[in-house]
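One structure below.
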Amino acid sequence: MDSTNSGFLKLSQDAFKAASDSICDLAGTDAAGSFVYMGADGTPTTKIDLAAEDAIVEVLKEDGRSMRIISEELGELILGDSPEFSVVLDPLDGTYNSTVGIPFYSVSLAVSSNDLSDLRFGYVSNLALREEYYAEAGKGAYLNGKKIKASVNSELNKLCVSVYGYRQNVERTRKIYRSVRRVRLFGSVALELCYVASGKLDAFVDVRNALRVTDVAAGQLILAEAGGLVTDGYGNSLRLPDNVTARVEMVASNGHVHEKLLKLLFGG
């Protein structure tokens with residue numbers, strides 16, 4: 001993949017390395033999950049979250065370009081006087097997994113226009129295993145340097161899906177649970193979207209109205225570049241909210257089963 005024009009792949013890899021180095025001694029320890037403060041997104045910030053974010057922000061500062069950073073813990077930070085682009089950052093997606101030693105947690109970084117209307121680059125990389133996903137708009141999606149495509153499964157009874165809709169949302173999702181072959185919940189939305197992009201999952205559904213822009217920005221572009229389809233919970237185009245407090249629903253799929261999943265959500 002050629003990202004030399006922008007340097008965003010190298011920047012993302014540097015950010016990932018910094019985050020990885022900063023949490024390597026924390027992951028899986030009791031200290032990792034200790035509460036620090038309430039983050040800008042309204043959820044608790046833990047010691048391991050803060051370590052990853054601080055390390056990545058330092059890398060972004062060293063880049064030297066003027067940019068707007070939207071991150072889960074700090075909210076918004078402007079570097080320089082006239083931002084050239086926005087960076088949508090989840091420094092650690094899958095905090096619980098990282099604190100207990102489940103090897104499924106990631107750095108998620110997306111680059112977009114200042115108002116988030118135009119996603120240009122997405123990067124999601126597993127901090128516990130060698131899984132580096134990235135995509136540049138119009139140039140396809142990649143896993144560890146090899147091009148990926150979403151699955152072509154179109155039969156509900158053959159699908160493997162990730163469905164977040166338990167507890168208070170169980171009514172909308174129960175028909176999906178009944179209709180598909182397998183359900184998997186891994187606890188890192190960014191990586192799960194990439195698993196749909198690479199054909200490991202056939203779809204991802206979250207109708208809790210709990211997703212933040214930092215959870216989905218990078219994965220949304222990677223899946224779209226892999227041939228998949230992303231909408232809100234009602235089948236409309238998903239417009240990314242321009243702050244970390246707003247919440248969205250999402251249906252993301254290989255594209256072949258999208259309408260069937262939406263129909264099940266609506267009671268069909």
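Because the structure is a prediction, the values reported are computed rather than measured.
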One pair to check against side chain to side chain contact (heavy atoms under 4.5 Å, CB included): D206 and V216. What are the steps and the verdict? CA-CA 11 Å; D206 192 327; V216 302; over 6 Å; no
Would R212 and D215 satisfy salt bridge (charged side-chain N to carboxylate O under 4.0 Å, His left out), going step by step from the backbone distance to the final call? CA-CA 5 Å; R212 295 147 299 197; D215 296 319; 3.1 Å; yes
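The aromatic rings of F121 and F8 sit tilted, their planes meeting at an angle between 30° and 60°.
No side-chain N or O of S106 forms a donor-acceptor pair with one of N126 less than 3.5 Å apart. Counting only N and O atoms by type, the side chains of Y142 and E136 include no donor and acceptor under 3.5 Å apart. Counted by atom type alone, E84 and S66 present zero donor-acceptor pairs between their side chains at under 3.5 Å. Side-chain contact annotation: S151 with N254, donor-acceptor N/O pair under 3.5 Å present. In the model, Q13 has no side-chain atom that pairs as donor or acceptor with a side-chain atom of Y123 under 3.5 Å.
Within 6.0 Å of the CG atom in N236, the count of heavy atoms belonging to other residues, nucleotides or ligands exceeds 12. The environment of D25 atom CG is sparse: at most 12 non-hydrogen atoms of other residues, nucleotides or ligands sit within 6.0 angstrom. Other residues, nucleotides and ligands contribute more than 12 heavy atoms inside 6.0 Å of the NZ atom of K200.
Under the 4.0 Å criterion applied to side-chain N and carboxylate O atoms, R208 and E249 are not assigned as salt-bridge partners. Look at D202 and R181 and you find no salt bridge, because none of the NZ, NE, NH1 or NH2 atoms lies under 4.0 Å from a carboxylate O.
When side chains are defined from C-beta on, I69 counts as touching M67, because their heavy atoms get closer than 4.5 Å.
Taking the six-membered ring for Trp, F204 and Y164 have ring centres closer than 6.0 Å.
Within the hydrophobic cluster formed by Ile, Leu, Val, Met, Phe, Trp and Tyr side chains joined at under 4.5 Å, directly or through other members, M38 is accompanied by F35.
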